[in-house]
Every structure is written in C-alpha cells, then in structure tokens.
Amino acid sequence: MLTHNVAAPSSIRPILSYDCHCQVSNQLFFPLSPNINPGTWKANRKLKGCRLKASFWESIRSGILKNNTTQIIEPPSTLEKEEEPLPEEFVLVEKSQPDGEVEQIIFSSGGDVDIYELQALCDKVGWPRRPLSKLAAALKNSYMVATLHSVRKLASSEGDEQKKLIGMARATSDHAFNATIWDVLVDPCYQGQGLGKAMVEKLIRTLLQRDIGNITLFADSQVVEFYRNLGFEPDPEGIKDFRGAWDIRGGCLYVSQVLIIHLSL
Amino acid sequence: MAHKFPPILLVFNRPTALYSHRIGSKTIFVIHSPLLSLSQAMLSRGIVSPFRTPTFPFPTTTCKYSISDQDLESRGFFLRRTISDLNLDHLNSVFVAVGFPRRDPEKIKLALEHTESMLWVEYKKTQKPVAFARATGDGVFNAIIWDVVVDPSFQGIGLGKAVMERLVEELLEKGICNIALYSEPRVLGFYRPLGFVADPDGIRGMVYSRKQRKKK
C-alpha cells in the first residue's frame, strides 16, 4: 500500500516567488527563482465551504478575479523556448490566516499517495467505489501521479503540520509517444480556486518536458470547457502523429465523442 | 497521406462480471450484472444478444476467434506477444507503408518496452511483422489501443481482426473495463464488429494542442 510522506518542514520545500499580478485565464503557475522573497497572501476571506460549482470554468475565473490579493505567478515570456525542469514538489499557493495559521497548497509529481486518503477523496467527489488493491495497482502502473496536498501549520505550534490530500491527477503513458490523463479530481472544498487547472497544467508541462508529444484524455460534457481552456481540443482532425498533423495542417484536431463505461468492479 | 476526414474515438462496449461469449458467427452472452439498465441499453442497441441456452455443449477452445491460431499458423503467420524477435526497422517500415510518420526506432523501442500488451503477426517466409497492435494503460481500469497496422500487402485477409480480437481478449481477461482507441472514420467498419462503439455518452476524447498554446 502506498503511504504519504510524513510532512517535512516547510523550509525544505522550495517556496517559489509570486508576482502580485492579477491576470485572468491562462496564467500558468510557473516557478520563478527562489531568491525572491515569498510574499504571503493575507486571506481576507475564509476558505470556501464545501460546495460544488456548476460551471467549472466560470468558477475558476471568478475565483481568480474575486481576490485581488491572489498571488499568481507570471510566466516568463520565453516559456516555449527554454523551460527549467519543474521541481518535483513545490508550493502552489500560500495563504495566511489572521490568526497566524498558514496554509500551503503543495503540488507534487512524486506520486506519494495514501490509498485510503485517495479513496476518501473519491467518495467526497462522488465517484463510484473501486477496490483499494486495484487503486494501488493503477497508481503504481501510472507513468505520473500528480497530487495536491494542503498543509496547515499553526503559528503557535512549531513543526506541527496537518497534511491532507485535496487533489490528484494521473497519467498513463508508453514513455515515448502518448500519454493519457485519468482521474482528475479536486476536493469540493477546494474547487473553484484554480487548483485543478494548475495541477493539470503542471502535469502537462512535465509530460511535455519529457518529450511526450501526444497527450489525451476523456472528458464528460461538464468539463469539456475546463480542458479546452487548458489547451485541449475536443475535436482533433488528423491522426497517426498528432504533432506531425498539426505541423502539416496547421489546423485544429477533430475527434468525435466517446463512450466510457464505468462498470462497477 | 492527406486525411480529409476526422478520426473517431471508439470505446469497447462490453457487459460486466460473469459472462461467456464467442466472437464469430454465434454470440452468446450471459449477463450477470447489477447494471441491468446498462444491459438493457446494450440490448436495445443490438450490441448484446439475449441469453440463449445452448442446446449442445460448445467446446470453449475452438472457434473463439474469427480465425484460430492453428488456421493462422497453417497459412504461414505466427502470433507473437512480446517485443523479442520484433525487428523495429521492419515495424517502422510497416508504419510508414500505412501512412504513419517515420519515428525514431529508439523511441519506438522505449514505447514498446513500456507497453503492457502487444500483439503482432510474423510472416514465416520473410520473418517480418505484417500486423501489429499495442495497448497502454494502468493495467487495472483503463487501456488505450494504439498503432493498429497491417502491412498493405497483407490487408483484407483477417490479420487485423485476429490481432485486435486477441488483444481485446487479453485486456478483458486482466479485468480492464475501459478500452478505447482513436480511429479514422474510414476504418470504423473494421472496429465496430469487434465491439467498439463510437457513440458518445456525453464523454469526449480530447487531445492537447501545443499549437494552440503558441498562439496565445
């Protein structure tokens, strides 16, 4: 069974800097040089209560727009040309509460997932139950497992952290040409903040950095827009080598819809 | 090769739990599933035949596929399931012959080493691969079939079907319920009899487009 790491002190984790720059939509959470002092986001609002958003993309947009103090990292202009390899684990968002409590949302592509936590998270989002052993095997056989953890630290108690799994996405791949993203989920209490978007973006970025050109996924109608805004085409045209097809044709790809059967196991 | 028409994402549609079946002229399904509505849906779509009691015992080993292993062997084709003895340059030539772009053999090797299931047909005379298909996935829940090819000189004699039937069977035996693949519209007729459906249920296949990002 996979277990999660004991929470390490935050000094070990790279806290990456933020530019106080509020821009909407396809901003990427891109790690900048760790030399710059990390700013903290004074959260004037409490963490949102548990509620599911009807329109995923709209909720992400509004989530980012609402808080002018949101720290969003601005991507450098030379994004396409030279990309630093993404660190395996880094802080995506850091919030400070008035009472001194600090909450960090940590992205990790290391794949350390507590199966029981994952099962609980799947229950929370309303997915059908799957056998734990199969879940563990699926994670083990996945090429990459990206997770979001929330780490809460009280100002008073030193070294006392609460770490909780709040999101996951995994990708299977043949390590060379194709990758498929499965099981993207974010805790309903943390939805609407752009975390799912950031997580999937990071996952894509890491896959691209490993030179896996063809990234696919299946999306139901409610989340097609979410992925479209991340750069996925629902209807690609051209096949065989998607990358090659674009270079030649220069157009969008088309693929018709697909049926997935979630058969209970 | 110009592709005027778009590729379709197909998914294998199969009843769950205990079942026995034969692909071929007679198909018998025993549906033992709590998902009765799903079975009903499939029945109404004509995908699943209603339960029939066999009147005489069917040997399970013969006629499981449209062409048996013995038939293939007698015609000079060997079925292979591993990367050993597979000449990647020859495979690359088959890819090119059907219109795939030529890919780096080292990358192909890497891809095949990390492919959980593959099936290919070797032609005894030339010792070259003439049909191929592989499936990647997590080995438990999902699998996607890629690179289904048959050498143009050997098309139309049932090799592609033989490879696909066995590959799907292998995946099902592992307990993988979600099997999907991307298909060009012109070969939908090839995949449908194998049990694949292009019918969406609100779920769409999406592909990441780097070119789109560059525009922004």
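Chain A is the first sequence line, chain B the second, and so forth, proteins listed ahead of strands; every chain is numbered from 1.
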| query | How close do A:R170 and B:N142 get, heavy atom to heavy atom, and via which atoms? | reply | NH2-ND2, 3.5 Å
| In terms of ring plane angle, is the pair A:H175 and B:H114 parallel, tilted or perpendicular, where the classes change at 30° and 60°? | parallel
| query | What are the two closest non-hydrogen atoms of B:A180 and A:F218, and how far apart are they? | reply | CB-CZ, 3.6 Å
| field | Spatial distance of atom CH2 (B:W146) from atom OG1 (A:T216) [nearest 0.5 Å] | value | 4.5 Å
| query | Which heavy atom of A:T172 sits nearest a heavy atom of B:G137, and at what distance? | reply | CG2-C, 3.8 Å
| query | Atom OG of B:S209 and atom CG of A:L230: how far apart are they, to the nearest 0.5 Å? | reply | 12.5 Å
| field | Over 12 foreign heavy atoms within 6.0 Å of CD, B:Q127 | value | no
| Neighbour count >12 (heavy atoms, 6.0 Å) for atom NZ, B:K109 | no
| note | Smallest heavy-atom separation, A:A137 atom then B:V140 atom, equals CB-CG2, 3.5 Å
| remark: Closest non-hydrogen atoms of B:Y208 and A:G231, given as atom of the first, atom of the second and distance, are CD1-O, 3.6 Å
| said: Could you go through B:R134 and A:D174, starting from their C-alpha distance and side-chain angles, then the distance that decides it, and tell me whether this counts as side chain to side chain contact (heavy atoms under 4.5 Å, CB included)? | reply: CA-CA 10 Å; B:R134 66 185 178 105; A:D174 58 13; 2.8 Å; yes
| message | Salt bridge or not between A:D211 and B:K107? Use side-chain N to carboxylate O under 4.0 Å. | response | yes
| query | Looking at CD of B:E116 and CG of A:N141, how far apart are the two atoms once the value is rounded to the nearest 0.5 Å? | reply | 7.5 Å
| query | Rounded to the nearest 0.5 Å, how far apart are CD1 of B:I144 and CG of A:N178? | reply | 8.0 Å
| request: Let me know if B:I108 has heavy atoms under 4.5 Å from chain A in its side chain, its backbone, both or neither. | output: both
| note | Scanning both residues in full, the closest heavy-atom pair of B:D138 with A:S142 reads CB-OG, 4.4 Å
| message | Distance check, rounded to the nearest 0.5 Å: B:F141 atom CZ versus A:K134 atom NZ? | response | 6.5 Å
| request: Answer with side chain, backbone, both or neither: which region of A:L135 has an atom nearer than 4.5 Å to a non-hydrogen atom of chain B? | output: both
